[in-house]
Structure formats: structure tokens, C-alpha cells
Amino acid sequence: MATFLYKLGRLAFRRRLYVTFAWVALLVVAGVGAGSAATSTSNSFSIPGTEAQKAFDLMEQRFPDASANGASARVVFTAGGKKVDVGAEKAAVEDVVKELKSGGQVSSVADPFESKAVSDKGTTAYASVKYKVTSMELTDKDRDALKDAAQHGRDAGLTVEIGGDALQAMPETGATEIIGIGISAVVLLVTFASLVAAGLPLLTALIGVGIGVSSITALANVLDLGSSTSTLAMMIGLAVGIDYALFIVSRFRHELTEGREPEDAAGRAVGTAGSAVVFAGLTVLIALAGLAVVNIPMLTKMGLAAAGTVAIAVLIALTLIPALLGFAKYRVLGRKVRKGLTGAGAGSAASAASTGSTAPEKKPNMGTRWARFVLRRPIWVLVVGVLGLGAIAIPAASLELGLPDDGSQPVSTTQRKAYDLLSDGFGPGFNGPLMIAVDAAHSDDPKAALDRISQRITTMDDVKKVTEPAFNKAGDTAMLTVVPKSKPSGLETEDLVHQIRGQAAGLKSETGAVTLVTGTTAMNIDVSQKLNDALLPYLALVVGLAFLLLMVVFRSVLVPLKAALGFLLSVVAALGAVVAVFQWGWLASLLGVEQTGPIMSMMPIFMIGVVFGLAMDYEVFLVTRMREAYVHGERPGQAIVTGFTHGARVVAAAAVIMISVFAGFIGSSESMIKMMGFGLAIAVAFDAFVVRMAIVPAVLALLGKAAWWLPRWLDRILPNVDVEGEQLQKNLATQPAGPTDASERAHEPSRI
């Protein structure tokens, strides 16, 4: 592989105009496609194979006239403790309801007094508004009409708040995302001491993300992609795009300081660091594409979209980066290093190469000193690292899963205020009602069957209210609404769902009707169960495939095993941190978390998928340098030091960049994006600086030569992909060397 990538890098370097034009043209085409595509209206969330989804599908089939997919709003009214169903307050509510009915896309408005949507004390009422289109299809004019009606109620002396998804808009990431990119630029500038070298990874990452996100936008309606898909693809694509480019540019600079000609340096950079990029990218692709195992369409689409963006990042690193290096050449080096190359010839080049910094250094760099410290104290480093992450992981034992609703919105939003008003006026369970779909097609007396089912549910614990059944036109299907006494995320509500489902078989034998439980709360329970059931198969698939892949890369059994165990430690610690912040409320105000509560159901498995792939980036890049040194004859301990000498600074910079990019999404107003940004940022910090920088060298130091052990029979079976470039070095050694005369190189920078 290294030889093929070496040739690819040189080809891209020589044909830089064509390669650059091709990528720019692709960006333009994707941008035009995104600009001409209709705005995505997908906001669906389905969980095939669950009872909640079966009930939803049944209702959609038997109630075709119902606007099940349309947006909805609950306009909640209070009057400072006064009753809202008498006098001037009632008149004000009726005026608002009348105004709500005049909306252009409104299909129906339920008057609170006619539908008995008034609290027992008469102090709270709500009007249900149904729309003909989804929340993503609602125009600003529709939302403004809804807000204006509420404001007119406030002007009349009422407290009016709006819940539901009608006000839901595309998630915003905030200014901190730009700050994350800015921090990346500063880190790159400090690392490379060259504006050109710092700008290349940012430029190519933005091109890759632009192509990926534009393609997602262009295909959003065709593939039924949700609003969060492009945001998460941007988050991951931007981070890995910068990192992969950073690896290639860093190796190119090193090869230049070794005295290589720019074209040869580009080829060697792509052949060596590019091999690490390919396999690191493959682990990310496996982890993201493996999310399809869970069989939740939204999660699958998010994973595949992000995987596509990562694939683009890999291709850009292997082709566009060497092409742009063809334009930059020696300008990727700091000014002092360029002067050293042009003024002192090969001797200075070799001196510069020994340090890889902007000036010749005699003392070891920080990576070298740290590696030597770990070699002297491997047990202490290992114990401190493992115990530290283990302590941070403790809150993960209290993990509670849930789906976000208006109760998870910031307390300053009207959605959250409406949620709280309804909870105070109608009880905690009102915001999480259970929808009971009853298929009475095979019942002799559907109405009697519904009476029996309603009566049975009413006698159950934690049931506050059961509404009258609403039949479809055919009279063979009905829907009941059950309001629990406890809050939607309470264990009592979960027990109630299981209790109703547990008696469904007995009710069927008595009445001939099939009883199914759905609704947001039931769907949350089903999602959590589905994710729990899929967790072990997913881990087995992703970790197993990645283990085999890393065994091919490192030609070792213990190194991939250590990599997988280190990942599990870092991801559990990251989940512990997420629970501490978003569930327990530690440092919540500092991070802008206004409401604590259950962790989003998809968070653990999505974090496992994403973090595993990203963690392997650093494992591959850092340990391949150690493997390369070991293969070329160095002792195991010295190989660890060599790997850190050349790779620690780059890996640290890459980790800081990735952390800053992910942390930028903490500023999002979307709770899911905020949680994802924090979880991924903290997971990368743990994995890069604790696991890869401390635990990995400590374990390798303790293992010694055994770390690189591979059974002979397995060595014969596994393909030799030559990631460390051993075969490439042999091939290049047999070729005549390029010009190394100092006077010839001296003019190179001036020709750029």
C-alpha cells in the first residue's frame, strides 16, 4: 500500500492543477445542487419492529384523514392565578383562538372550552393547533402568525406560552463553532510556525466538509434525511479533515528537512502518513456505518452521512493535500528552517530533521522526555491513568436514558414555559400521555371491547385519566389517551407501560381486540430497549472488524487488543462526564445547560461509534511510527521514544484541534447537538492525552518485544499492507537519489 500511495502522492503533486480543479469543481457542483434542492422537511423518527411503531403505523393506516405528520402546537393560557374560563379572561382566550384559526396552514384549532381542555381549578387552559404541513415546511409567516396571536393574548393580560413542534426550526450551532475553528488555526500556526502550513489543513477540511454537507443537503429530500444529519456530519468531517491533513503536511515537512526534493517528499508523506490516514479512516467508517446494526433509520442515516464525509476527508488528504503542497513546496516550512536549508545544504537539513522544529535543537523535545519518563515509571503511569479514568466513569453507573422533549428546552424558551404550565395545571403526566391504539377489526362488538379495555386501564396504578375512545370512520379501530400521574421520565410511568402491555394478551382473549401502546413515552422506552439489545452486537461487530484491521496494520495481537480496551475505558469515562454534567448538573451553568435530565437514548451507542473511530486515529498514527522504528531495527523501548519524538507533537495538536471543533458545538441551541459536542470533546481529550499518550506507552513498555508478537501461522495468513513503508524504503533505496546539491536547492524557495 505504501508504494501505491507514494506513487499517488507524486502524481497528485505533478498534476496539481488538474487535481485542484477537480476538487473545486466538485465543490461547486455540490454547492449548486444544495442551493437548488428543496429544503428538507423530514422530521420523522421511526423505530421498526417495536410496539410503539406498530401502533403508529396502524393509526396512520386506519385514520388516513388525521394529520399525524403535520406540525402541532399547544397554546397555554393562565391569568396569574385567576380562572381563565370566566369573564374577561375567557373572552381574551376566545379572541386568541379565533385568531389562531385564521392561520394559512392551520387545519384545526381545538377551543379549550369546547374540548374541556381546562384544568380542574380553572386556572390553566390550552388550545391544540394542528397544521397541514410538517414543522420544517412551516414558513416564517406561519410561525409569526402563531407568535402574534400569543402576543395579543399577553397584551390582554394573559400569560400565553407555546409548546409543540410548530416553533421548531433548524438547529443553530452558535458563534462558538467559529471559535473552535479559530482555535484550530492558532494551534496549527503554533505547531508549524508557518501560515501556509497552518492554512492548508483548514482549507482542505473546509472544502471536504463543504462537499459533504452540500451533498447531504442536495439529497436530503430524496433520502429523507433529518435536520440534524448535516450538523453531525459537519462536526465529524471538520475534525477528521483537519487531523488527516495535519498528518500529511507534518510528514511532508519532515521529509523536506531530511533533504528530499518536494515531489519525493510529497510521495513519501502520502506513502507513510497517508497509509496511517487510510487505516484510521477505515476504522471511523466501520464505526459509523456499523450504526446500521441498531436498525433505527435516523441513526443509520446520521452514521452513513458522517461516514461519507469522512471518506471525502481521506480522499482529500491523499490527493488534494499533495497537490496543494506542489504549489506551496518549501513555504510549508518556517522561515528559519528554510534559511537553514538554503544556506547550509544537506548538513543543515539533517540537523533540522533531527528536531523537526523551526531551529536545530540539541536537547530532546517534550514528547521524547515524556516517553522516557513513562519508560522509567510504566506501572505508576498505568495505575494513575486507569484509576483516574475509572473514577470519572463512576457516574455512568447512574445513566438514565430518555428522548428530548419540551421539558429539556432551556427555561427561557416559550416551549419550556408551556411545558411547566401544563405540568402545574394538569399534573406531571400530562406532558407525556400514553396513546393506546386498539385494533378491534376482529372483535364481535368493538364498542364493548373499548369499554372493557378502558375500564381495565382506569383501575391500574399511576393512571390519572383515560379519555373517551375516538373511533375511525370504519368503526374497527379506536384510540385512547391515558394520562399518567407521574412525569414522563418517571419509573412509575415506565411500569405503567409494561403493565398495559402485559395485560394486552388477556384483553385480546376476552374482547378479540389488539391493544398497542404508543406515544412519546412508550417510544422512549422502546428505543432504550432496542438500543440496549443492539449494544453488544454493535460492539462485537465494530470492535471485531477494527481489531482485525489493526492486526493487519500492526502485525500484532496485543497492540490491537490494548487499543480496544483503552477505547472502552475512555468512552465509559466520557459517558460518566456526560452524566455528571447533563444529568446531575455539575458545571451545567458553565456549559450553558439550563435543564438537566435523562441522557438522550441514542447518546451511548452513537458515542461508542464515533469515539471508537476517532480514537483509532491517534492509535494508528502514533503507534505506526513506533512500529516503523521497530521494523527498522530499534529496540522496543527506543521505538516508543522514536514514535513520541516524531508523533507526539502532531497527535497532541490534532487532539486539541478535534477537541476545539467538537467543543464549538456546545454552543448549539439544540440539546442533542450540545450533548454530542461535549461528549465527543471530552472523550477525545481522555483518549488522546490519557489513553494514547500515557496508558499506551506504559503498556508497550511493560510488554517489550511481546507487544509485536504475532503467531507464525497468522503472519502467513494476514496480508502485508506495508503501512510502515518498509517495502517502500527498499524500493526507493534501489533508485538513483534525486539532486541534493545545496546550491540547487537554494533556489527552490525563490521559484515558488
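When a residue number appears, it is its place in the shown sequence, counting from 1. Excluded from the calculations below are hydrogen atoms, water molecules and symmetry mates; all remaining heavy atoms, backbone and side chain alike, are included.
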Determine, stepwise, if the pair F678 / F582 fulfils ring pair (Phe, Tyr, Trp, His ring centres under 6.0 Å).
-> CA-CA 10 Å; F678 173 80; F582 290 88; 5.6 Å; yes

What distance do L434 atom CG and L480 atom CG have between them, rounded to the nearest 0.5 Å?
-> 11.0 Å

Can you tell me how far the CG atom of D57 sits from the OG1 atom of T518, to the nearest 0.5 Å?
-> 9.0 Å

Donor-acceptor contact below 3.5 Å, side chain D95 vs main chain G153 = no

Basic-acidic side-chain contact under 4.0 Å: R62, D439 = yes

CA sep, side-chain torsions, deciding dist, call: V129, V106, side-chain contact (heavy atoms from CB on, under 4.5 Å) | CA-CA 7 Å; V129 184; V106 173; 4.1 Å; yes

Side-chain heavy atoms of K90 within contact of V93, under 4.5 Å | no

Heavy atoms of other groups near H442 NE2, more than 12 under 6.0 Å = no

Considering all heavy atoms, the nearest Y131-A166 contact | CE1-CB, 3.9 Å

Nearest heavy-atom neighbours spanning A149 and L100 = CB-CD2, 3.7 Å

Would a distance-only check, ignoring hydrogens and angles, find a side-chain to backbone donor-acceptor pair under 3.5 Å from R143 to L138?
-> yes

Locate the shortest heavy-atom distance separating A449 from A513; write the atom from each residue and the value.
-> CB-CB, 4.2 Å

Check whether more than 12 heavy atoms from other residues, nucleotides or ligands sit under 6.0 Å from atom CG of D155, and answer yes or no.
-> yes

What residues, two or more places apart in sequence or in another chain, satisfy side-chain hydrogen bond (donor to acceptor under 3.5 Å, both in side chains) together with T458?
-> none

Quick check: does any side chain N or O of R74 sit under 3.5 Å from a backbone N or O of A127, one acting as donor and the other as acceptor?
-> no

So, T123 side chain and G81 main chain: donor-acceptor pair closer than 3.5 Å or not?
-> no

Within-4.5 Å side-chain heavy-atom neighbours: R416 and D420 = yes

Ion pair present between D451 and K447, side-chain N to carboxylate O less than 4.0 angstrom?
-> no

Mind checking whether V75 and L146 have side chains closer than 4.5 Å, heavy atoms only?
-> yes

side-chain hydrogen bond (donor to acceptor under 3.5 Å, both in side chains) between T139 and D142, intermediate numbers included | CA-CA 5 Å; T139 64; D142 297 320; 3.0 Å; yes

Does any non-hydrogen side-chain atom of V466 lie less than 4.5 Å from one of T481?
-> no

dist T515:OG1 -> E51:CD (nearest 0.5 Å) comes out at 9.0 Å

Strictly by modelled atom types, are S443 and T511 linked by a side-chain donor-acceptor pair under 3.5 Å?
-> no

dist I605:CD1 -> L535:CG (nearest 0.5 Å) comes out at 5.5 Å

Approximate separation, where rounding is to 0.5 Å, of T413 OG1 and I162 CD1 = 11.0 Å

So, do I599 and M675 sit near enough that their side-chain heavy atoms are less than 4.5 Å apart?
-> yes

Might you work through the side-chain contact (heavy atoms from CB on, under 4.5 Å) test for F56 and L516, ending with a clear yes or no?
-> CA-CA 9 Å; F56 181 82; L516 301 171; over 6 Å; no

Worked verdict on S486 versus T493 for side-chain hydrogen bond (donor to acceptor under 3.5 Å, both in side chains) = CA-CA 6 Å; S486 57; T493 304; 2.6 Å; yes

Non-hydrogen side-chain atoms of T300 and V294 separated by less than 4.5 Å | no

Using 4.0 Å as the upper bound for N to carboxylate O, is an ion pair formed by K485 and E492?
-> no

Tell me, with the steps shown, if L304 and L288 meet side-chain contact (heavy atoms from CB on, under 4.5 Å).
-> CA-CA 6 Å; L304 293 177; L288 292 173; over 6 Å; no

I666 side, atom CD1; L591 side, atom CG - distance, nearest 0.5 Å | 5.5 Å

Would you confirm whether Q583, through its side chain, and S398, through its main-chain N or O, come within 3.5 Å as a donor-acceptor pair?
-> yes

Backbone N or O of Y419 within a donor-acceptor pair of the N431 side chain at under 3.5 Å?
-> yes

What one should report as the nearest heavy-atom pair of M460 and Q499 is CG-NE2, 3.7 Å

Determine whether V76 and V160 make a side-chain contact, defined as any pair of heavy atoms from C-beta on separated by less than 4.5 Å.
-> no

T50: side chain to side chain contact (heavy atoms under 4.5 Å, CB included) partners, not counting sequence neighbours | I47, A52, Q53, D526, K530

Where do I525 and H498 land on the side-chain contact (heavy atoms from CB on, under 4.5 Å) test, with the steps shown first?
-> CA-CA 9 Å; I525 295 170; H498 292 312; 4.0 Å; yes

If we only count heavy atoms from C-beta on, is the F430 to S423 side-chain gap below 4.5 Å?
-> no

Distance-minimising heavy-atom pair for P446 and G475 | CB-O, 3.7 Å

Sequence neighbours excluded, the answer for side-chain hydrogen bond (donor to acceptor under 3.5 Å, both in side chains) partners of R452 is E510

Main-chain N/O of E161 paired to T414 side chain as donor or acceptor, under 3.5 Å = no

Looking at F77, F426, F113, which one forms a ring pair (Phe, Tyr, Trp, His ring centres under 6.0 Å) with Y126?
-> F426

Provide the closest heavy-atom pair for V572 versus A396 in the form atom of the first, atom of the second, distance.
-> O-CB, 4.0 Å

